[in-house]
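By convention here, the first residue in the shown sequence is residue 1.
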Amino acid sequence: MMRSFIPVPENSDFPIENLPYGVFLPPGASKPRAGTAIGTQVLDLKGLEECGLLGTSVFGGTTLNAFMAAGRPVWSTGRSRLQELLSEENAEFRDNGSLRRSLLFDQHTVQMVLPADIGDYTDFYSSKEHATNVGSLFRDPENALLPNWLHLPVGYHGRASSIVVSGADVKRPKGQSKPVDGVPGFGPSRLLDFELEVGFFTGPATAMGEAVSIDKAADHIFGFVLVNDWSARDIQAWEYVPLGPFLGKNFATSISPWIVTLDALEPFRCAGPTQDPVPLPYLQTDEEWSFDIALEVGIKPENGEEHVVCRSNFKHMYWNICQQLAHHTVGGCNINAGDLMASGTISGPEKGSFGSMIEITWRGTDPVQMPDGSERKFIADGDSVIMRGHAEKDGLRIGFGEVSGKVLPAS
Ligand code: CA
């Protein structure tokens, strides 16, 4: 185990082995800066770079896009250098009291903002359990998976403009719902839901016409965040035929502020589910690209007690991140640094591991009992939805922190 001179509380999500990247507003500042989390602190990477301690020139802006664009060699050397500077044995930063005072902030005193200028957002649909559950609920339990599902990672192009960082409120959307007596309904969604997902940010851009092969995919994957793909099921059910999700999804997507790197999660790689039938060659890899990351979702009513409604794991994903990126680009679609690609709802095999309310309550037929005696079929106004994730093995814990968002009434 590595040790830092900066205290890291037991069970912290942010030991020196993690060092996730984010963008924060220091107290009283007007411009956000790149930072990393360690223990209960945030370290200002722009400041550290400016005084020549990092040896990089990627943190000058107000987003992490330039760092993402720099590619894996810079990501790896930057991370090693940061670990060196923060280690117990290294005096360069440790013994520079004035620098420490100017570059370290308590996490609760800073405001986290979106880590990147997100140009494009894609959402996959890669959990077999989720696709089977939703297929059963929206269509037919006998043919829940459509014929393409086992052959390619199904996805859709989402809306980047309405991605918000943890802590941002989400207003209940209004929209159309299925007609009664031939007239579509209109009003605030009555079936507002969350979707538990993990997303990755992409690295160096590719050119149009160029495919990212599955063996090179990891060179374009910078790191992960937790994603809540807010979903209005009544709007979705009426609009999704024939072109897929639209207003049922585009009103808001929340992400956690800290991007946990692929390097930090390396010890937690594991085999994914067996793929049968065997995918086409461009989707084949001998490497293990699933990750053992425990995930949970809690609902906290306004002024009430949080109740955990789901415990799942990222390793349940049928299609892995490299297959997703290889598929996304195989037709020549280019990517840019700072694109976000989300996994799709991560449901496990058991009822307690379903990653959305429509599955947990089986479309409202089996409501969740809350500690205050109320029940939930979907998300109520005033509820906060809180998602957490962490990987843990041999005393090492790498965490994501959380993504939370409170639902405000429609206006
Ligand atoms: Ca989704």
Side-chain donor-acceptor contacts of residues 207-219 below 3.5 Å, not counting sequence neighbours, with atom names and distances?
| unit_1 | atom_1 | unit_2 | atom_2 | d |
| --- | --- | --- | --- | --- |
| E210 | OE1 | A207 | N | 3.2 |
| S213 | OG | K216 | N | 3.4 |

**Prompt:** Between I16 and M2, which heavy-atom pair has the shortest distance, and what is it?
**Reply:** CG2-CB, 3.5 Å

**Message:** So, using salt bridge (Lys or Arg N to Asp or Glu O under 4.0 Å) as the criterion, who are the partners of K46 when residues are at least two apart?
**Reply:** E50

**Asked** Does NZ or CZ of R363 fall inside the cone over F138's six-membered ring, less than 6.0 Å from its centre and within 45° of the axis?
**Response** yes

**Request:** State which residues pass salt bridge (Lys or Arg N to Asp or Glu O under 4.0 Å) with D339; sequence neighbours excluded, sorted by chain then number.
**Result:** none

**Partner set under ring-ring contact (aromatic ring centres under 6.0 Å, His included) for F268, not counting sequence neighbours** = none

**Request:** From the options E129, E195, E359, select the one residue that forms a side chain to side chain donor-acceptor pair (under 3.5 Å) with S347.
**Result:** E359

**Asked** Backbone N or O of V368 within a donor-acceptor pair of the R376 side chain at under 3.5 Å?
**Response** no

**Message:** Checking the side chain of W75 only, and the main-chain atoms of F67 only, is there a donor and an acceptor separated by less than 3.5 Å?
**Reply:** yes

**Message:** Treating E305 as the side-chain partner and D372 as the backbone partner, does any N or O pair qualify as donor plus acceptor under 3.5 Å?
**Reply:** no

**Message:** Within the 4.5 Å heavy-atom criterion, are V297 and I360 side-chain neighbours or not?
**Reply:** no

**Item:** Residues in side-chain hydrogen bond (donor to acceptor under 3.5 Å, both in side chains) contact with N90, at least two apart in sequence or another chain
**Value:** E92

**Prompt:** Would you say V154 and L152 make side-chain contact, with heavy atoms under 4.5 Å?
**Reply:** yes

**Asked** Atom NE2 in H316, atom CG in N313: separation rounded to 0.5 Å?
**Response** 5.0 Å

**Message:** Run the side-chain hydrogen bond (donor to acceptor under 3.5 Å, both in side chains) test against N18 and tell me which residues pass, sequence neighbours left out.
**Reply:** none

**Prompt:** Please, which pairs that meet side chain to side chain donor-acceptor pair (under 3.5 Å) have at least one residue in residues 274-287, sequence neighbours excluded?
**Reply:** R269-E287, Q275-Q323, Y282-H327

For residues 27-37, run the donor-acceptor check on the side chains, cut-off 3.5 Å, and write out each pair with its distance to 0.1 Å, sequence neighbours left out.
| unit_1 | atom_1 | unit_2 | atom_2 | d |
| --- | --- | --- | --- | --- |
| R33 | NE | D44 | OD1 | 3.2 |
| R33 | NE | D44 | OD2 | 2.7 |
| R33 | NH2 | D44 | OD2 | 3.2 |
| T36 | OG1 | P20 | O | 2.7 |

**Message:** With a 3.5 Å distance limit and no angle check, can you tell me whether S189 reaches the backbone of P173 through a side-chain donor-acceptor pair?
**Reply:** no

**Prompt:** Looking at side-chain heavy atoms only, is the closest gap between F194 and M387 below 4.5 Å?
**Reply:** yes

**Fill in**
Quick note, side chain to side chain donor-acceptor pair (under 3.5 Å) partners involving residues 238-247, not counting sequence neighbours, are Q176-W238

**Asked** How about S161 and R159: does a side-chain donor come under 3.5 Å of a side-chain acceptor?
**Response** yes

**Prompt:** For L150 and L145, what are the C-alpha separation, side-chain angles and deciding distance, and is it a side-chain contact (heavy atoms from CB on, under 4.5 Å)?
**Reply:** CA-CA 8 Å; L150 291 169; L145 281 189; 4.2 Å; yes

**Message:** Contact between P279 and W319 at the side-chain level, heavy atoms closer than 4.5 Å - yes or no?
**Reply:** yes

**Any donor-acceptor pair under 3.5 Å from K174 side chain to S411 backbone** = yes

**Prompt:** Less than 4.5 Å apart, any side-chain heavy atom of V260 and any of I293?
**Reply:** no

**Message:** Per the ring-ring contact (aromatic ring centres under 6.0 Å, His included) rule, what does the pair list look like for residues 341-393, sequence neighbours excluded?
**Reply:** none

**Request:** Could you tell me whether F251 and W230 have their ring centroids closer than 6.0 angstrom?
**Result:** no

**Message:** When you measure from the side chain of S343 to the backbone of V198, do you find a donor-acceptor pair of N or O atoms at a distance under 3.5 Å?
**Reply:** yes

**Message:** Are the side chains of L262 and W289 in contact, using a 4.5 Å heavy-atom criterion?
**Reply:** yes

**Item:** Expected output: side-chain N65 to main-chain A337 donor-acceptor under 3.5 Å
**Value:** yes

**Asked** So do the side chains of D229 and K249 get within less than 4.5 Å of each other, counting heavy atoms only?
**Response** yes

**Prompt:** Is there a donor-acceptor contact under 3.5 Å from the side chain of S256 to the main chain of V225?
**Reply:** no

**Asked** Heavy atoms, side chains only, cut-off 4.5 Å: are E17 and I398 in contact?
**Response** yes

**Prompt:** Under 3.5 Å, is there a donor-acceptor pair between the side chain of S126 and the main chain of Y318?
**Reply:** no

**Item:** S87 side chain to E84 backbone, donor-acceptor under 3.5 Å
**Value:** yes

**Message:** Tell me every residue that passes salt bridge (Lys or Arg N to Asp or Glu O under 4.0 Å) with D123, counting only those two or more places apart in sequence or in another chain.
**Reply:** none

**Prompt:** With F224, which residues qualify under ring-ring contact (aromatic ring centres under 6.0 Å, His included), at least two apart?
**Reply:** F291, F314

